[in-house]
2 protein chains.
Amino acid sequence: MNLKQLAELLQLSQTTVSRALNGYPEVAEPTRDRVLEAAQRHGYKPNSNARKLATGRAGSIGYVLPVGRNVDLDPHFVEFLSGLGEHALMREVDLSLTPAPRERESEAYRRIAASRSVDGVYLSSMRNDEQRIGLVRSLGIPFLAHGRALKPAEGYAFLDIDNEGAFHDATRLLLQLGHRRLAFINGDTDFTFAVHRLNGVIRAMTAHGLPFESLRHHSAAMNEENGYRLAMELFRDADPLARPTGVLSASMFSTLGIVRAFNQLGLRMPQDVSIITHDDVFPFLKPESFSVQLSTTRSSIRAAGARICERLVNIISGAESGPVAEIWPVELIVRASTGPAPADRKAGRRGTQEAAE
Amino acid sequence: MNLKQLAELLQLSQTTVSRALNGYPEVAEPTRDRVLEAAQRHGYKPNSNARKLATGRAGSIGYVLPVGRNVDLDPHFVEFLSGLGEHALMREVDLSLTPAPRERESEAYRRIAASRSVDGVYLSSMRNDEQRIGLVRSLGIPFLAHGRALKPAEGYAFLDIDNEGAFHDATRLLLQLGHRRLAFINGDTDFTFAVHRLNGVIRAMTAHGLPFESLRHHSAAMNEENGYRLAMELFRDADPLARPTGVLSASMFSTLGIVRAFNQLGLRMPQDVSIITHDDVFPFLKPESFSVQLSTTRSSIRAAGARICERLVNIISGAESGPVAEIWPVELIVRASTGPAPADRKAGRRGTQEAAE
DNA sequence: CCGGTTTCCCAAAGCGCTTTGAACGAACTG
DNA sequence: CAGTTCGTTCAAAGCGCTTTGGGAAACCGG
């Protein structure tokens, strides 16, 4: 059943039927009702390809999906996608994923642009040496970034969370609790979010008069394995008086490994070491589900996905214009994994200091 | 730059240019080279919507993405998608996700069919009361199922792993190690994979003369939380002589929670309890990453994704026809979490029995 | 040298939709 | 009542591609 047949059936022109269906005002109500009813009854659905060709609109938003041996589509992405999907449904837009390895990324965007298969794209996992913003802009594809490049001066629309503020606040809390030897098991600092987080940590330390050189900072992909490995490196053979007492972790997955290392080494939270983790709010892995409930900085990546879809649709339709920067605050939630820094019992000067407290 | 312009530029007809580009034989080699070169140089890419309209082919495969408050797009799906994406890239097809809540699922398939926006769909997470196979077949959409319905008689193409065999083998191993009190923390038995797994467990038990009523079976979504909760239920207040000594777990996520419960309750693996987990091969959560390395049944869900894409493309192109059933064997890999059943020291009759061994 | 193939290319007809521009009563206005 | 406006409908022209059905040259064997 196509438009022509439906029009014939109704003894109307294709024009009128099309307009009735698409809600144009210049069609009489009784006519519209007749058309709608007939379309419903015969299960007429416009051919999306024909519509796309005629309108030039694609009715879908695109994403270049990183694939390849070393790129793991991680759980963060799923959660994000899930939020995006929820909103996409409401707006009746589809998601089109174009898989591409990193080295052929720009080719993928060019293909998307040239073939006009989507109305807009979202960019995520912003890197320090981000090329895509310039690229998609020059290709004329409407876009919205999740996260932001290092230089915010460029003027493009984005949604980001306040990574810098979150880790500043978390660090400040550890410092207020008396921790002086801090470690930060960060994500890959090729990505800007990790850089922002590091900046937050450093800002808090500086404000407390702590040299940032004293921070034990490690940057690696956020997973169980790396969390375990790095925690072992930091704590296994360390002098109890020199090892960190406060740990910041960039992800629940890293923390999974960190906690495993702590268990193995017999380190207790929060007596021996405090930890604050960033929580992206995974429904399948919650901070309350750890043997010692985790203190976290929390921001739902799923909510971000929904919001991004909403804004991207607006950008495409022209309802949003201009380089709107949206930065979400992050909550710091204190649970059981943070506590006062342990007293350095064997230390002389420090010991007296603490006795005075 | 469109076909018309390119043709004009080359002083050729659109027909010839189109044919040259699409590799039809009836165009002279020198002409083809000229066309190819010009297309390359001017960055010509055919408009995908126009092509789709003209050919009736969509160049993409579809998936109805479950969304909604209670549906968590889980990590299994991401891994699967990742594999699918890898292969999709090679074949230059896109993935089109249509988000839909469960109650509007069939509507989504109808929309897909009517709008002709994809060439084929894959179905996953097969349920016991699976409706989709009949639906998509009646809609005339080529499809491939990941997993299978309960009654295999229906005759449709699918790819599945040997869930029944995997859990049979795992159970048999536990029985051979002397375990008699078994627990199975299964996935949601609304899904057929969980039913198949249960069948495997029961078959092994029956073969060993064990009544399947003695199995402590629990069915729930596979995540950390449920794993923890169910393990606590099973072990917290249980008489050490009555509690299970062998546990089967349907997913690494469940096991994450189970292990947490064990730690909390002071149960050691494998001295107090043995566990075998199904491993879908997540790059971010490995059985080797547990404090006690996990024995697993292993099958890469990512590889399945790639294979499904490959087959679906073949089905669409007509290279594969007929209801091909492909069932992958599953490896049983023994690591440190399995060992002989603990001796029931305090038991009288049993004690003598075991002394005789 | 001529009828019949081959080889290479073209004009034009769609694919199913949207949208422009015009037509035609009916309803207003002065 | 002529002139204008409004409301409703339609025919036809695209959107950019593929594909059908030729047709003109070049090639072939007899």
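Proteins come first, then strands; the chains are lettered A, B, ... in the order of their sequence lines, and each starts at number 1. Keep in mind that this is a model prediction, so the values were computed, not measured.
Across the interface with DNA chain C, nearest-nucleotide mapping of L3(A) and A28(B) shows A28(B) to be the residue nearer the 5′ end. Taking for each of A50(B) and T16(B) the nucleotide of DNA chain D with the nearest heavy atom, the 5'-most of the two is the partner of A50(B).
If you take CZ of R116(B) and P of dG16(C), they are 9 Å apart, rounded to a whole angstrom. Rounded to an integer number of Å, the gap from E29(A) CD to dT8(D) C1' is 12 Å. Taking atom CZ of R19(B) as the reference point, atom C1' of dA11(C) lies 12 Å away to the nearest angstrom. As rounded to whole Å, 18 Å separates atom P of dC15(D) from atom CG of N47(A). Distance K4(A) NZ to dA13(C) P: 14 Å, rounded to the nearest Å. Across the protein-nucleic acid pair, L10(B) atom CG and dC9(C) atom C1' stand 14 Å apart, rounded to whole Å. In this entry the distance linking NZ of K52(B) with P of dG16(D) reads 15 Å, nearest Å. L21(B) places its CG atom 16 Å from the P atom of dG16(D), with the value rounded to the nearest Å.
Out of dC17(D), dC10(D), dC17(C), the shortest distance to the side chain of A54(B) is found at dC17(D). The side chain of L53(B) sits closest to dC15(C) out of dC15(C), dC8(C), dC17(D). Listed nucleotides: dC17(C), dT18(D), dG16(D). Nearest to the side chain of Q14(B): dT18(D). The nucleotide whose nearest atom lies closest to any side-chain atom of R51(B) is, among dT18(D), dT9(D), dC9(C), dT18(D). The side chain of S13(B) lies closest to dA11(C), out of dC8(C), dA11(C), dT19(D).
At dT18(D), one or more side-chain N or O atoms of N22(B) fall inside 4.0 Å of OP1 or OP2 (strictly under the cut-off). For dC9(C), one of the phosphate oxygens OP1 or OP2 lies less than 4.0 angstrom from a side-chain nitrogen or oxygen of T31(B). One finds no side-chain N or O of T15(A) lying less than 4.0 angstrom from the OP1 or OP2 phosphate oxygen of dT9(D). Close to dC17(D), at under 4.0 Å from its OP1 or OP2, lies no side-chain N or O of S18(B). For Y24(B) and dT7(C), the shortest distance from a side-chain N or O to OP1 or OP2 is not below 4.0 Å.
Taking five base pairs at each end of the helix from dC1(C)-dG30(D) to dG30(C)-dC1(D) and finding the rotation axis that steps the C1' atoms of four pairs onto the next four gives two axes whose angle is 40°, to the nearest 10°.
Taking the centre of each ring, H146(A) and F80(A) come in below the 6.0 Å mark. Under the 6.0 Å cut-off for aromatic ring centres, F143(B) and Y122(B) do not qualify, their centroids lying 6.0 Å or more apart.
One distance of note links OG1 of T98(B) with OH of Y63(B); it measures 11.5 Å at 0.5 Å rounding. To the nearest 0.5 Å, the span separating CG on L139(A) from CD1 on I112(A) amounts to 9.5 Å.
Counting heavy atoms from C-beta outward, R307(B) and E326(B) have side chains that approach closer than 4.5 Å.
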Which atom pairs, one a donor and one an acceptor, fall under 3.5 Å between side chains of residues 17-26 of chain B and the rest of the protein, sequence neighbours left out?
from, atom 1, to, atom 2, distance (Å)
N22(B), OD1, R51(B), NH2, 3.1
N22(B), ND2, S18(B), O, 3.1

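For CZ of R132(B), the number of neighbouring non-hydrogen atoms (other residues, nucleotides, ligands) closer than 6.0 Å is greater than 12. Counting heavy-atom neighbours within 6.0 Å of E103(A) CD, excluding the residue itself, gives a total above 12.
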